[in-house]
Amino acid sequence: MKNILCFGDSNTWGYVPGTGARYAPELRWTGVLQRALGEGVRILEDGMNARTSVYADPCSPWRRGSDALPAALIAQKPLDLLILALGTNDLKFTDAFGAARGAETLVNLAHMVQARRESSSVFPGGVRVLVIAPIRLHPGIDAQTGSSLKGRYRESCRCSEAFRRAAEASGAEYLDAAAVAEPSDVDFVHMSAESHRALGLAVAEKLRGLPGWN
């Protein structure tokens, strides 16, 4: 049995555009991934609305990923893979480069947790991380009065390359969510059920192609 921890934001939690409700487990990309990989894999979800990588949000406390990740890793061990799916909320506070550096910091943090002396190893087979670059925001976000992401569409388009470089620099695997999924035109940020399905299948394909995965 392989254990995969999916650590992300509202698009991992399963936020339904326009309502704030949560998609059913089988509709979330994590649920699609579970079905695609089958019974030999256990998907562990840790998604949180408004979660950032390393940036403190004064409007949404307890959302900094760097605070939560170490405890999540220890609580869910043993793990074969950590999937990091963050970055959109970072754009409230920084540019695409800063968001990517935040993801790189979390990869390094996973290595630090692994290096600590615990009762058992977090990653028995060695640290393995997949960094998923976030989907682009919808262009309509730039006219969205009151949105904390207003004016960040163009910066979101730069995340794919910035996250690719960060993944390479930290020795992580990489997947570009924007290549297969997009935000709804309802709220310009969150994915439709169709995009959840596309992302889940793309992640499954990526994992099947990793050296030594099967």
Side-chain angles (χ1 to χ4, degrees), residues 3-25 27-31 33 42-77 79 81-116 118 122-123 127 129-135 137 141 144 146-152 155-156 159 162-163 166 170 172 177 183 187-191 196 199:
N3 296 313
I4 301 174
L5 175 61
C6 300
F7 188 84
D9 54 24
S10 54
N11 273 320
T12 296
W13 183 79
Y15 191 105
V16 178
T19 72
R22 192 179 192 185
Y23 284 118
L27 296 180
R28 302 196 286 269
W29 72 262
T30 49
L33 177 62
R42 185 168 66 117
I43 300 299
L44 304 162
E45 294 180 310
D46 193 334
M48 178 179 284
N49 297 336
R51 177 179 275 161
T52 66
S53 60
V54 298
Y55 299 95
D57 186 343
C59 297
S60 298
W62 313 303
R63 297 302 202 274
R64 187 159 52 187
S66 54
D67 292 338
L69 182 60
L73 292 173
I74 294 169
Q76 298 295 350
K77 66 179 183 178
L79 296 172
L81 178 72
L82 166 65
I83 298 179
L84 295 174
L86 293 167
T88 297
N89 294 305
D90 290 2
L91 297 178
K92 301 172 186 176
F93 311 103
T94 187
D95 57 12
F97 177 78
R101 286 295 302 272
E104 187 175 351
T105 296
L106 294 185
V107 176
N108 293 335
L109 188 56
H111 283 275
M112 291 173 62
V113 174
Q114 173 77 349
R116 286 186 58 86
E118 295 282 346
V122 173
F123 297 91
V127 177
V129 182
L130 171 63
V131 170
I132 299 181
I135 60 171
L137 296 169
I141 197 71
Q144 191 79 344
S147 172
S148 55
L149 288 165
K150 181 180 179 181
R152 306 308 285 165
E155 201 60 43
S156 74
C159 283
F163 275 69
S170 59
D187 69 4
F188 310 140
V189 177
H190 298 101
M191 295 190 297
H196 272 273
L199 180 57

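All of these numbers come straight from a predicted model, not from anything done at the bench.
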Counting only N and O atoms by type, is there a donor-acceptor contact under 3.5 Å from the side chain of [X] to the main-chain atoms of [Y]?
X      : Y      : answer
Arg51  : Phe7   : no
Gln114 : Phe123 : yes
Ser170 : Val107 : no
Arg152 : Lys150 : no
Arg22  : Trp13  : yes

Under 30°, 30 to 60°, or over 60°: which ring-plane class applies to Tyr23 and His196, parallel, tilted or perpendicular? perpendicular

Between [X] and [Y], which heavy-atom pair has the shortest distance, and what is it?
X      : Y      : result
Asp187 : Gly18  : OD2-N, 3.6 Å
Leu33  : Cys6   : CD2-SG, 4.4 Å
Ala103 : Phe163 : CB-CE2, 3.7 Å
Leu81  : Leu130 : CD1-N, 3.9 Å
Arg64  : Ala56  : NH1-CB, 3.7 Å
Ser10  : Asn49  : CB-OD1, 3.1 Å

Point-to-point distance, once rounded to the nearest 0.5 Å, from [atom1] of [X] to [atom2] of [Y]:
X      : Y      : atom1 : atom2 : answer
Ser147 : Leu137 : OG    : CG    : 8.0 Å
Leu109 : Ser66  : CG    : OG    : 7.0 Å
Leu91  : Tyr55  : CG    : OH    : 9.5 Å
Thr12  : Ile83  : OG1   : CD1   : 9.0 Å
Gln76  : Leu82  : CD    : CG    : 11.0 Å
Ser53  : Leu84  : OG    : CG    : 9.5 Å

Any chance CZ of Phe93 has more than 12 other-residue heavy atoms, nucleotides or ligands included, within less than 6.0 Å? yes

Show the numbers, then the answer: is there a side chain to side chain contact (heavy atoms under 4.5 Å, CB included) between Asn11 and His190? CA-CA 6 Å; Asn11 273 320; His190 298 101; 3.8 Å; yes

Pairs meeting criterion side chain to side chain donor-acceptor pair (under 3.5 Å) with involvement of residues 93-111, two or more places apart: none

Decide yes or no on side chain to side chain contact (heavy atoms under 4.5 Å, CB included) for Asp57 and Asn89, but give the supporting numbers first. CA-CA 9 Å; Asp57 186 343; Asn89 294 305; over 6 Å; no

Could you walk me through whether Val129 and Val127 pass side chain to side chain contact (heavy atoms under 4.5 Å, CB included), step by step? CA-CA 7 Å; Val129 182; Val127 177; 3.8 Å; yes

Apply side chain to side chain contact (heavy atoms under 4.5 Å, CB included) to Lys92 and Leu149, showing your working. CA-CA 6 Å; Lys92 301 172 186 176; Leu149 288 165; 3.7 Å; yes

